Amino acid sequence: MFFHIVLERNMQLHPRYFGRNLRDNLVSKLMKDVEGTCSGRHGFVVAVTGIENIGKGLIRDGTGFVTFPVKYQCVVFRPFKGEILEAVVTMVNKMGFFAEAGPVQIFVSNHLIPDDMEFQSGDMPNYTTSDGSVKIQKDSEVRLKIIGTRVDATEIFCIGTIKDDFLGVINDPTTV
């Protein structure tokens with residue numbers, strides 16, 4: 001799920017960036033440092049949407065660097081247990097498949113895939129129904145439900161299922 005929140009960060013800036021473009025340099029460094037990162041508490045920072053406040057800088061002794069407290073608004077993505085997501089399959093093996101929904105990697109075990117689907121090995125491994133009408137392979141789009149998450153300091157891992165109503169393949173690359 002996406003959230004719009006306010007975060008704070010202390011930014012260090014080298015003296016060469018001082019001058020009339022100080023604010024612009026600080027904002028561009030903030031975006032470069034923060035966007036695309038993950039904190040276990042808030043989730044993945046998708047984009048910085050605005051700067052609320054830049055505090056007074058504090059000169060670091062001996063280095064000349066200045067530390068600025070910056071308060072900024074950003075959009076974060078954090079998956080929750082029970083959430084329904086659409087994801088793209090990245091890898092299929094006999095244990096299940098991996099899919100990505102934005103920056104989050106989700107594993108769906110073969111026990112959480114409907115019983116009528118069987119693993120087919122070969123040059124393009126996939127899970128196929130007995131009549132061959134539905135196929136899950138690399139680059140397939142699936143709708144899945146998150147049944148568990150594990151949060152580390154810099155990463156979020158998810159376990160998903162497609163063994164429920166209205167879940168499964170929503171777009172098969174071979175039929176396009």
Side-chain angles (χ1 to χ4, degrees), residues 1-13 26-55 67-115 117 119 121 124-128 134-173:
M1 195 170 296
F2 292 95
F3 299 98
H4 193 241
I5 62 172
V6 176
L7 294 175
E8 291 184 41
R9 183 179 180 97
N10 288 328
M11 299 295 301
Q12 281 197 346
L13 203 60
L26 204 55
V27 170
S28 65
K29 184 174 182 351
L30 174 74
M31 288 180 169
K32 190 179 84 176
D33 290 354
V34 170
E35 288 180 352
T37 62
C38 175
S39 77
R41 185 169 178 209
H42 301 291
F44 294 93
V45 177
V46 178
V48 174
T49 57
I51 305 296
E52 283 200 356
N53 184 28
I54 298 176
T67 303
F68 293 93
V70 179
K71 202 173 195 179
Y72 60 97
Q73 300 171 351
C74 61
V75 175
V76 294
F77 173 65
R78 175 129 196 242
F80 288 99
K81 185 177 177 180
E83 185 174 356
I84 307 292
L85 292 176
E86 293 181 0
V88 177
V89 176
T90 56
M91 188 176 81
V92 179
N93 60 36
K94 66 181 178 183
M95 304 303 287
F97 65 85
F98 287 93
E100 288 182 352
V104 176
Q105 189 166 37
I106 304 159
F107 177 69
V108 178
S109 168
N110 59 4
H111 300 293
L112 300 169
I113 295 174
D115 296 330
M117 298 190 94
F119 178 72
S121 59
M124 182 64 92
N126 61 65
Y127 282 90
T128 310
V134 178
K135 186 183 283 189
I136 298 174
Q137 63 185 14
K138 188 177 187 309
D139 296 327
S140 294
E141 292 179 22
V142 294
R143 182 173 293 128
L144 49 83
K145 180 179 183 179
I146 295 176
I147 59 169
T149 60
R150 191 181 91 214
V151 178
D152 283 352
T154 59
E155 222 169 349
I156 299 175
F157 303 98
C158 295
I159 302 293
T161 181
I162 59 170
K163 205 174 190 177
D164 213 344
D165 292 339
F166 307 109
L167 302 180
V169 178
I170 54 176
N171 189 11
D172 188 358

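None of these values were measured; they are calculated from a predicted model.
- Closest approach of A99 and L144 over heavy atoms only: CB-CD2, 4.4 Å.
- Residues I113 and K163 fail the side-chain proximity criterion, which asks for heavy atoms closer than 4.5 Å.
- The shortest distance between side-chain heavy atoms of I170 and V142 does not fall below 4.5 Å.
- Within the 4.5 Å cutoff, side-chain heavy atoms of C74 are placed close to those of L7.
- Atom-to-atom distance recorded for M124:CE and Q137:CD is 5.0 Å, nearest 0.5 angstrom.
- Within the 4.5 Å cutoff, the side chain of F98 has no heavy atoms near those of the V89 side chain.
- A heavy-atom distance below 4.5 Å is not found between the side chains of S140 and V88.
- Under the side-chain contact (heavy atoms from CB on, under 4.5 Å) rule, K145 has a single partner from I162, L167, L85, which is L167.
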Evaluate the criterion side chain to side chain contact (heavy atoms under 4.5 Å, CB included) for residue pair V92 and F119; output intermediate values, then yes/no. CA-CA 9 Å; V92 179; F119 178 72; 4.0 Å; yes
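- Considering OH of Y72 and CD1 of I54, their distance stands at 12.5 Å, rounded to 0.5 Å.
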Run the side chain to side chain contact (heavy atoms under 4.5 Å, CB included) test on T90 and F97 for me, step by step, so that the C-alpha distance in whole Å, both residues' side-chain angles and the decisive distance to 0.1 Å come before the verdict. CA-CA 8 Å; T90 56; F97 65 85; over 6 Å; no
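- Heavy atoms from other residues, nucleotides or ligands lying under 6.0 Å from CE of M91 number more than 12.
- Of the inter-residue distances, the one linking T49 atom OG1 with I5 atom CD1 reads 10.0 Å to the nearest 0.5 angstrom.
- Using a 4.5 Å cut-off on side-chain heavy atoms (C-beta onward), I136 and M117 make contact.
- In this structure the side chain of E35 reaches within 4.5 angstrom of the side chain of V48, judged on heavy atoms.
- Nearest heavy atom pair, residue T149 against residue I146, reads CG2-CG2, 3.8 Å.
- Here the closest non-hydrogen pair linking K135 and V169 is O-CG2, 3.7 Å.
- Side-chain atoms of Q73 never come within 3.5 Å of backbone atoms of I51 as a donor-acceptor pair (strictly under, hydrogens ignored).
- Counting only heavy atoms from C-beta outward, the side chains of F68 and N10 never approach each other to under 4.5 Å.
- Scanning all heavy atoms of the two residues, the minimum distance from N93 to Y127 falls at O-OH, 2.9 Å.
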In a table with atom names and distances, give each donor-acceptor pair under 3.5 Å that connects a side chain of residues 101-110 to protein atoms at least two apart or in another chain.
from, atom 1, to, atom 2, distance (Å)
S109, OG, H111, N, 3.2
N110, ND2, K94, O, 2.9

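- One distance of note links NZ of K29 with CG of L26; it measures 8.5 Å at 0.5 Å rounding.
- The environment of CZ in F166 is sparse: at most 12 heavy-atom neighbours from other residues, nucleotides or ligands sit within 6.0 Å.
- R78 places a side-chain N or O within 3.5 Å of a backbone atom of R41 that can act as its donor or acceptor partner.
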As a quick check of understanding, evaluate side chain to side chain contact (heavy atoms under 4.5 Å, CB included) for R143 and I84, giving each step before the final call. CA-CA 7 Å; R143 182 173 293 128; I84 307 292; 3.6 Å; yes
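- Remark: side-chain polar atoms of T161 are paired, donor with acceptor, to backbone N or O of L112 under 3.5 angstrom.
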Show your reasoning for whether side chain to side chain contact (heavy atoms under 4.5 Å, CB included) applies to M1 and E83. CA-CA 8 Å; M1 195 170 296; E83 185 174 356; 3.7 Å; yes
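- A distance of 11.0 Å separates CD1 of I156 from NE2 of H42, quoted to the nearest 0.5 Å.
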